[in-house]
Asks: 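The structure's right below; bear with me while I get my questions together.
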Amino acid sequence: MDYRSMFEDAVDTLRQEKRYRVFADLERIAGSFPRARYRDDSDNARDITIWCSNDYLGMGQHEKVVASMQEAAGRLGVGAGGTRNISGTNRPLVELERSLADLHRKEGALVFTSGFVSNEAAISTIARLLPDCVIFSDQLNHASMIQGVRQSGMQRHIFRHNDMAHLREMLAATDRKRPKLICFESVYSMDGDIAPIKEICDLAEEFGALTYIDEVHAVGLYGPRGGGIAEREGLMDRIDIIEGTLAKGFGVMGGYITANKSIIDAVRSYAPEFIFTTALPPALCAAARTSIEHLKVSSLEREQHKRQAQLTKDILRDAGLPVMANQTHIVPLLVGDARQCKAASDMLLEKHNIYIQPINYPTVPKGTERLRITPTPLHSDEMVFELRHALISVWASLELPRERASEMITASKLTSGDLTLPTIGG
Ligand SMILES: *Cc1c(COP(=O)(O)O)cnc(C)c1O
């Protein structure tokens, strides 16, 4: 049996489809982010600028956060020493969960080893504990939510992305007596569009459904205290379960849910993804809490983030580059072809020392391949101008589409209905 070639064949399939992924070898420089040291295949190092990090606010190198992790590691050691079931809970984890419950104004919080695990564990466990539950899930939900929905084994309906008429239709067609769970995100990370949260809550109320929101791309970034879009819109109390990550806006690692005490206690007691895995280390919990508490009282990072994201959008759009319009901090530049997208990314790195990972299928629909740019508060105006210069040059070299008509391509047009790409520039 030639096992080796079976694996190689599988990977070759991805290569043929231009979906084979290469990860850049990067060394972030604390204090200089978004600058980092890049090493090529021959281990030759040079400095580059990162434009695709989900450490949206640069909290991963914030002095207070780094100091907090160092201090806790020095005082408490590095490991958690086992599952919470076997070894109890580290004090910094207790404090972290209190901080999260307070952030979202909920009775309780439960921390998991990642955002992915929190979605998988919470959605599947909550749905399984509700007899004969039906799940309603947005078409563009993240892989971790899809995994949770599948894992639950319960009946599921997928509604068209942000389409309230479709969701209503599905809710109305379901037996009123059955428990219902609506799963959606606040900010969808690839298009950067936002869910109609209020409308979803209204429907949930009308049809007696529970609501589950993934605020992974919003916590730390939106709301007066960094509680996310639901906080900004005054809707946190209308959502039953708020899920988030500690790894993106908060810059560290881990995932969580917040909800009322009964839901938290049930997930804590029933989810195998929570019970049978070692807890996050105390130093990591301490750092995450420091980051959350800092962002509850400091809006400086959020304001500067908003400013740099808007500046980047304006400058790239004015240069005739195909920026996909949205209301958030994400700046997607449409390429529309997997091979070209990879070529653009390679050229940015090779010629301009700029790192932007190509986003290809299946992360986005075929024909909507893109460069996903994420400006942070730490990208200077000068860096934005360098980016503009580099992109113009790459767009010209590869003859990529850059008509202003691309402004017409909004996220909703790309992702609702049949998912085909409108022709650029007629
Ligand atoms: C990244 C991501 C997650 C997973 O969070 P991690 O903490 O990175 O595991 C969950 N949901 C969405 C929408 C994400 O983009």
Side-chain angles (χ1 to χ4, degrees), residues 21 23 52-57 59-60 65 93 96-97 100 103-104 109-126 135 137-151 158 161-162 182-195 197 200 211-222 226 228-230 239 241-258 267 271 273-274 277-281 284-285 287-289 291-292 326 328-332 357 359-360 362-364 370 372-374 376 411 415:
R21 293 172 194 242
F23 305 142
C52 57
S53 175
N54 278 346
D55 183 356
Y56 290 124
L57 301 175
M59 294 305 285
V65 178
L93 184 41
L96 171 60
E97 287 179 341
L100 288 164
L103 175 66
H104 296 291
L110 192 66
V111 165
F112 300 80
T113 42
S114 76
F116 191 105
V117 172
S118 67
N119 270 333
E120 178 179 330
I123 294 174
S124 63
T125 302
I126 290 166
I135 304 177
S137 179
D138 188 284
Q139 173 195 11
L140 290 190
N141 276 345
H142 188 258
S144 55
M145 300 175 83
I146 297 171
Q147 187 69 12
V149 172
R150 287 217 180 103
Q151 186 93 1
I158 315 296
H161 179 51
N162 284 348
I182 307 175
C183 299
F184 61 107
E185 301 181 21
S186 60
V187 174
Y188 287 85
S189 69
M190 291 302 144
D191 293 344
D193 58 331
I194 298 177
I197 303 176
I200 294 178
T211 44
Y212 183 106
I213 194 170
D214 173 318
E215 287 252 39
V216 160
H217 293 278
V219 288
L221 316 180
Y222 296 93
I229 302 284
I239 298 171
I241 303 110
I242 299 178
E243 184 271 348
T245 184
L246 304 171
K248 292 172 185 170
F250 295 127
V252 190
M253 191 187 173
Y256 66 88
I257 58 166
T258 62
V267 176
E273 300 90 338
F274 172 82
T277 192
T278 296
L280 283 189
L284 219 144
C285 298
R289 176 166 168 265
S291 180
I292 295 162
N326 65 48
T328 60
H329 58 281
I330 292 159
V331 187
Q357 181 77 5
I359 308 281
N360 287 346
T363 309
V364 295
R370 67 197 68 176
R372 176 180 179 272
I373 300 168
T374 51
T376 72
T415 51

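Both backbone and side-chain heavy atoms feed into the values below; hydrogens, waters and symmetry mates do not. Just so you know, ligand 1 is whichever comes first in the structure, and atom 1 is the first atom listed for that ligand. Along the sequence shown, residues carry numbers from 1. Remember, predicted model here, so these are calculated numbers, not experimental data.
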Asks: Please confirm whether Thr245 comes within less than 3.5 Å of ligand 1 when only nitrogen or oxygen atoms on both sides are compared.
Replies: yes
Asks: Give the residue and atom name of whichever protein heavy atom lies nearest to atom 5 (O) of ligand 1, and the separation in Å to one decimal.
Replies: Gly115 CA, 3.4 Å
Asks: Which ligand 1 atoms are under 4.0 Å away from a heavy-atom of Ser114?
Replies: 7 (O), 9 (O)
Asks: Below 4.0 Å, non-hydrogen atoms only: which portion of Lys248 touches ligand 1? Side chain, backbone, both or neither.
Replies: side chain
Asks: Which one holds for Asn119 and ligand 1: side chain close, backbone close, both close, or neither close, with close meaning a heavy atom under 4.0 Å?
Replies: side chain
Asks: Closest non-hydrogen protein atom to atom 11 (N) of ligand 1, residue and atom name please, with distance?
Replies: Asp214 OD2, 2.7 Å
Asks: Parallel under 30°, tilted from 30 to 60°, perpendicular over 60°: which one fits the rings of His329 and Tyr222?
Replies: tilted
Asks: Considering residues at least two apart in sequence or located in another chain, which fulfil the ring-ring contact (aromatic ring centres under 6.0 Å, His included) criterion with His104?
Replies: Tyr256
Asks: Please could you name the atoms of ligand 1 that Glu185 approaches to less than 4.0 Å, counting only its heavy atoms?
Replies: 13 (C)
Asks: I'd like to know if the side chain of Asp55 and the backbone of Gly60 have a donor-acceptor N/O pair within less than 3.5 Å.
Replies: yes
Asks: Before signing off on this row, confirm whether Phe116 and ligand 1 have an N or O atom pair separated by under 3.5 Å.
Replies: yes
Asks: Kindly say whether Val364 contributes a backbone atom to a donor-acceptor pair with the side chain of Asn360 at under 3.5 angstrom?
Replies: no
Asks: Can Ser144 be said to touch ligand 1, with heavy atoms closer than 4.0 Å?
Replies: yes
Asks: Looking only at atom types and distance, does a side-chain atom of Ser186 sit under 3.5 Å from a main-chain N or O of Ile229, one as donor and one as acceptor?
Replies: no
Asks: So for ligand 1, is His217 a polar contact partner (N or O within less than 3.5 Å, distance only)?
Replies: yes
Asks: Does any N or O in the side chain of Ser118 come within less than 3.5 Å of the main-chain N or O of Phe112, such that one atom is a donor and the other an acceptor?
Replies: no
Asks: Picking from Val252, Val216, Asn54, what satisfies side chain to side chain contact (heavy atoms under 4.5 Å, CB included) with Thr245?
Replies: Val216
